[in-house]
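Here is the structure we will look at.
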Amino acid sequence: MLKNKQFVLGVLIISFLVYITHIWINFYYIATLNVDFSKYYDYLNYFLGVEVDIDYGQGVLYYYLISLSVKNKIELINIGNIDYVISSSIHNVNLILFIFGLVGIYRLLKFKKFDNLTIFISILGLLVFPQSIYMRAVMKPEVLCFATLPWILLYLEKFIASKTNINLILTIPFLVIALNTKGSVAGMIILYLFVSYFKVFKILNIKSLLIVSLIF
């Protein structure tokens, strides 16, 4: 019973801090004024029906999600508030991806036998870390990689522990999304996984490796 109360209290504190930081970001930061916004703006225009070329060399899923949020508010947009509507859409999508990543971190650390107190303290530290706040405030696809990476590591750890192919197969959607998001991030993820999880290749037999490769 005490553990359940601690878990609920931890979730409430984290939820409150997520809400407060989200409101603060919305109030004090306009994502369209970021120096890199102009480089990525055509991705939004493309999905909003403007005839533009998107050839910057990044994956489009992140920008597609933002465009869906903008479309839901399209009737509210006028020349006086367009920056605020787009900024709010960016912040909302970033928030959802960030929360998805936090859930993945919790599941990963829980699988690694960390207690709830340690996990919640770690997440609270991450919530107020300046780079985390910046990541949630700007339109950059790194937040999509943040959302998927904990789930990749979780299912890899489960595969190593159980030797069941289903866990390895479950990493594939998250890994494909992460690797197709941004080239520099993909390079870092591949290098990290190769160094830290090379043991996966030792566990796989030829048949399993072939199946996983075909699915990938």
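On a predicted model such as this, the values are computed, not experimentally measured, just so you know.
In F111, the CZ atom is crowded: over 12 heavy atoms of neighbouring residues, nucleotides or ligands sit closer than 6.0 Å.
Both L193 and M188 are part of a single hydrophobic cluster, where members link through side-chain heavy atoms under 4.5 Å apart. Under the 4.5 Å side-chain heavy-atom criterion for ILVMFWY residues, no single connected hydrophobic cluster contains both I30 and I66. A single hydrophobic cluster is not seen to contain both L126 and I25; linkage of ILVMFWY side chains at heavy-atom distances under 4.5 Å, directly or through other members, places them apart. No continuous path of ILVMFWY side-chain contacts below 4.5 Å connects I96 to I14, so the two sit in separate hydrophobic clusters. Under the 4.5 Å side-chain heavy-atom criterion for ILVMFWY residues, a single connected hydrophobic cluster contains both Y46 and I86.
Panel note: side chain N94, backbone L97; no donor-acceptor pair is recorded below 3.5 Å. Judged by distance alone, with hydrogens and angles left aside, the side-chain atoms of W151 form a donor-acceptor pair with the main-chain N or O of F100 at under 3.5 Å. Panel note: side chain S88, backbone Y84; no donor-acceptor pair is recorded below 3.5 Å. Judged by distance alone, the side chain of K113 and the main-chain N or O of K110 form no donor-acceptor pair under 3.5 Å. No donor-acceptor pair under 3.5 Å is formed between the side chain of N34 and the backbone N or O of A31.
Within the 4.5 Å cutoff, no side-chain heavy atoms of Q58 are placed close to those of K140. Under the 4.5 Å side-chain criterion, counting only non-hydrogen atoms from C-beta, L109 is not in contact with I123. Two residues are said to be in side-chain contact when any heavy atoms from C-beta on lie closer than 4.5 Å; N167 and T171 fail this criterion. Between D36 and V138 the shortest side-chain heavy-atom distance does not fall below 4.5 Å.
Aromatic ring pairs are classed by plane angle as parallel below 30°, tilted from 30° to 60° and perpendicular above 60°; the pair F198 and F194 is perpendicular. Using cut-offs of 30° and 60° for the angle between ring planes, the Y63 and Y43 rings count as parallel. Using cut-offs of 30° and 60° for the angle between ring planes, the H91 and Y29 rings count as tilted.
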When you look at V52 and Y41, which way does the side-chain contact (heavy atoms from CB on, under 4.5 Å) test go after all the steps? CA-CA 10 Å; V52 295; Y41 186 45; over 6 Å; no
Can you list the steps and then say if F120 with D115 is a side-chain contact (heavy atoms from CB on, under 4.5 Å)? CA-CA 9 Å; F120 288 146; D115 61 88; over 6 Å; no
Can L170 and F159 be said to form a side-chain contact (heavy atoms from CB on, under 4.5 Å), step by step? CA-CA 10 Å; L170 288 172; F159 170 73; over 6 Å; no
Starting from the C-alpha separation in whole Å, work towards a yes-or-no answer on side-chain contact (heavy atoms from CB on, under 4.5 Å) for C145 and K182. CA-CA 9 Å; C145 296; K182 192 172 182 178; 5.5 Å; no
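Judged as a side-chain hydrogen bond (donor to acceptor under 3.5 Å, both in side chains), and not counting sequence neighbours, the contacts of D42 are N45. Under the rule for a side-chain hydrogen bond (donor to acceptor under 3.5 Å, both in side chains), K71 has no partner lying at least two apart in sequence or in another chain.
Summarising the geometry of M139 relative to Y62, their closest heavy-atom pair is CA-OH, 3.5 Å, with the distance given to 0.1 Å. Closest of all the heavy-atom pairs between F216 and L179 is CZ-CD1, 3.9 Å. Minimum interatomic distance between N81 and L76 (heavy atoms only, all atoms of both residues): ND2-O, 2.8 Å. Heavy-atom minimum distance, P150 versus G101: CG-O, 3.6 Å.
Distance check: E142 CD to T181 OG1 gives 9.0 Å after rounding to the nearest 0.5 Å.
With E157 as the partner, the salt bridge (Lys or Arg N to Asp or Glu O under 4.0 Å) test is satisfied by one option alone out of R107, K112, K199: K112.
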